There are 2 protein chains.
Amino acid sequence: MSFPPVYRSRTEESGEESRAKAVAVATELFALGGYKGTSVARVAAKTGLSQSGLLHHFPSKAALLAAVLEERDRQDGDFLTGSARPLLGWAAFDGLQALVARNSTRPHLVGLFVRLAAEAIEPAHPAHGWVQAHYAGTRRWLTDAVEHGKAHGEFVADAPVGTIVRTTIAVMDGLQQQWLLQPEEVSMVAEFEAFVATLRARWALL
Amino acid sequence: MSFPPVYRSRTEESGEESRAKAVAVATELFALGGYKGTSVARVAAKTGLSQSGLLHHFPSKAALLAAVLEERDRQDGDFLTGSARPLLGWAAFDGLQALVARNSTRPHLVGLFVRLAAEAIEPAHPAHGWVQAHYAGTRRWLTDAVEHGKAHGEFVADAPVGTIVRTTIAVMDGLQQQWLLQPEEVSMVAEFEAFVATLRARWALL
DNA sequence: GTCTATATCTAGATAGAC
DNA sequence: GTCTATCTAGATATAGAC
């Protein structure tokens, strides 16, 4: 015979679970149908709640999206920046390759990003700020890594940092699009590895 | 004093104009808000028609989208494949650079493509077939060009054709996304030119 | 060819019972 | 914490007048 923990009532516990499940379901449905293309009612149904039951946890659809993005950041954010020691120079590209490998086992998170990145180009979209911050953050992180590598003699002196950074991000994004559309035709891991090899062949010094 | 042409009544002529204007307006609004994010009513209003007036020309919203895609293909399709003589070998990349330069003056067409490509990953989307065909066609065209160049000694013998093709397409797509989101931060033309230069540095023989 | 009017659905959000 | 019921708004599409 067991009792619920003292610090938290049984109903509250159940609420936490509902909320977490709703976020997971919303992630999946937003990934497949986009934000605008997914109704709160469908998220609620797949979560096992009524529409109002879901909206008890999130005051609005936009709040649900915010929770989804927050959770994505939590799961994903620390992968590059929060590792044991910072990835600098060419090691940053090893980190990106590991990220691509991980992404290729998580189509939902990739789909979520690709769909939202395109949808949220529009300034009025509720994820616009998040997408802008994502790109700015990634660009900054990779720029710092390459600059550091350059300062330590890992890159040739006239390597164009900005171009390397923007092109690398572009390749990752473009491969995701092709992979989602035709998974059997494109291996994100192999293509990105080949791209990094080409970068090294041209700009590596050490 | 002038008369309307005999073969076509004045009202029909006006109808053609309305239809064409509607397609142009829909292109712009789909580019900014996506297909799902744009209502027929808004297209109608900006065209200067009532909603039903617009639906006289297109039996459904999906039919309007089809007309938009058809017009995009007409304006854009012949740019690479319909030029004076076929672009083969490295010349194909010159053609792509010209296309990128042209695109960077047409944000609407770029936005339309990026939005729809992401939206239409979903198999049930009315533009799904079109997007699949677009990627398949581009890949085929570029593959043929590179294979031809290889057979004529323009590429090193072990150049990985598939990877070159997929990565080139990925770079174009990824740069479009970044450019739409932050136009002042990214020059599609400069970045793509640099990418092609890197390809040449590694795989050009001649 | 275009309009007004309307039918039908679906969406997001709120009120209040349990 | 969750539900039923309901409000309001907006969407696609059709009917029928001019």
Side-chain angles (χ1 to χ4, degrees), chain A residues 4-26 29-30 32-68 115-116 119-120 122 124-127, chain B residues 4-26 29-30 32-68 115 119 122 124-127:
Chain A
V6 198
Y7 54 87
R8 180 176 270 174
S9 81
R10 176 173 277 155
T11 47
E12 276 168 3
E13 177 59 52
S14 170
E16 284 286 301
E17 282 168 17
S18 288
R19 201 195 125 98
K21 179 161 189 196
V23 170
V25 167
L29 295 186
F30 287 168
L32 297 173
Y35 174 72
K36 286 180 180 171
T38 303
S39 70
V40 175
R42 273 181 58 84
V43 176
K46 193 156 187 184
T47 305
L49 287 177
S50 72
Q51 194 221 18
S52 338
L54 176 60
L55 285 182
H56 168 74
H57 298 284
F58 311 94
S60 70
K61 189 188 183 186
L64 173 59
L65 174 61
V68 164
R115 295 296 307 258
L116 286 184
E119 237 181 83
E122 175 195 5
H125 193 284
Chain B
V6 197
Y7 54 86
R8 180 175 270 174
S9 80
R10 176 173 278 156
T11 47
E12 275 169 3
E13 177 60 50
S14 170
E16 284 286 302
E17 282 167 18
S18 288
R19 202 195 123 98
K21 178 159 189 197
V23 170
V25 168
L29 295 186
F30 287 167
L32 297 173
Y35 175 71
K36 287 180 180 171
T38 303
S39 70
V40 175
R42 272 182 57 85
V43 176
K46 193 157 186 183
T47 305
L49 287 177
S50 71
Q51 193 221 16
S52 339
L54 175 59
L55 286 182
H56 168 74
H57 298 283
F58 311 94
S60 69
K61 190 188 181 184
L64 173 59
L65 173 61
V68 164
R115 296 296 307 256
E119 238 181 82
E122 175 195 7
H125 193 283

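To find a chain, count down the sequence lines: A is the first, B the second, and so on, and within it residues start at 1. Remember, it's a predicted structure, so these values are computed and weren't measured experimentally.
- Contact annotation: B:His57 side-chain N/O to C:dT2 OP1/OP2 distance is under 4.0 Å.
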### Annotated protein contacts, base or backbone, on nucleotides 13-18 of chain C with a non-hydrogen cut-off under 4.0 Å, one of B, S, - each
BBB---

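- The two atoms that bring A:Arg19 and A:Ala67 nearest to each other are NH2-CB, 3.9 Å, heavy atoms only.
- Scanning both residues, B:Ser18 and B:Thr47, for their nearest heavy atoms gives O-CG2, 3.9 Å.
- Rounded to whole Å, atom P of C:dT10 lies 15 Å from atom NZ of B:Lys36.
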Identify every side-chain donor-acceptor pair in residues 53-64 of chain A under 3.5 Å, counting partners at least two apart or on other chains, and give the distances.
residue: A:Ser60; atom: OG; partner: A:Ala62; partner atom: N; Å: 3.4
residue: A:Ser60; atom: OG; partner: A:Ala63; partner atom: N; Å: 3.2
residue: A:Lys61; atom: NZ; partner: A:Tyr35; partner atom: O; Å: 2.8
residue: A:Lys61; atom: NZ; partner: A:Thr38; partner atom: O; Å: 2.8

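- Within the nucleic acid shown, A:Thr38 comes within 4.0 Å of sugar-phosphate atoms alone, with no base atom in reach, counting heavy atoms only.
- Distances shown here put every side-chain N or O of A:Ser18 at or beyond 4.0 Å from the OP1 or OP2 atom of D:dG1.
- Protein atom CG of B:Leu65 is 12 Å distant from nucleotide atom P of D:dA13, rounded to whole Å.
- Judged as a salt bridge (Lys or Arg N to Asp or Glu O under 4.0 Å), the pairs with a partner in residues 35-44 of chain A (not counting sequence neighbours) are, in order, A:Lys36-A:Glu122.
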### Task
Report the C-alpha distance between A:Phe30 and A:Leu116 in whole Å, list the side-chain angles of each, state the deciding distance to 0.1 Å, and finish with yes or no for side-chain contact (heavy atoms from CB on, under 4.5 Å).
CA-CA 8 Å; A:Phe30 287 168; A:Leu116 286 184; 5.5 Å; no

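- Annotation: salt bridge (charged side-chain N to carboxylate O under 4.0 Å, His left out) contacts of B:Lys21 (sequence neighbours excluded): none.
- Within 4.0 Å of A:Leu54, counting heavy atoms only, lies no atom of the nucleic acid at all.
- In this structure, A:Arg42 atom CZ and C:dG12 atom P are separated by 12 Å, rounded to whole Å.
- When all heavy atoms of A:Val23 and A:Val68 are compared, the closest pair comes out as O-CG2, 3.8 Å.
- Put simply, A:Ser39 has a side-chain N or O that comes within less than 4.0 Å of OP1 or OP2 on C:dA11.
- The nearest whole Å value for the distance from the CG atom in B:Leu64 to the P atom in D:dA11 is 14 Å.
- As rounded to whole Å, 11 Å separates atom P of D:dT4 from atom CG of A:Leu49.
- Between B:His56 and the phosphate of C:dT2, there is no side-chain N or O to OP1/OP2 separation shorter than 4.0 Å.
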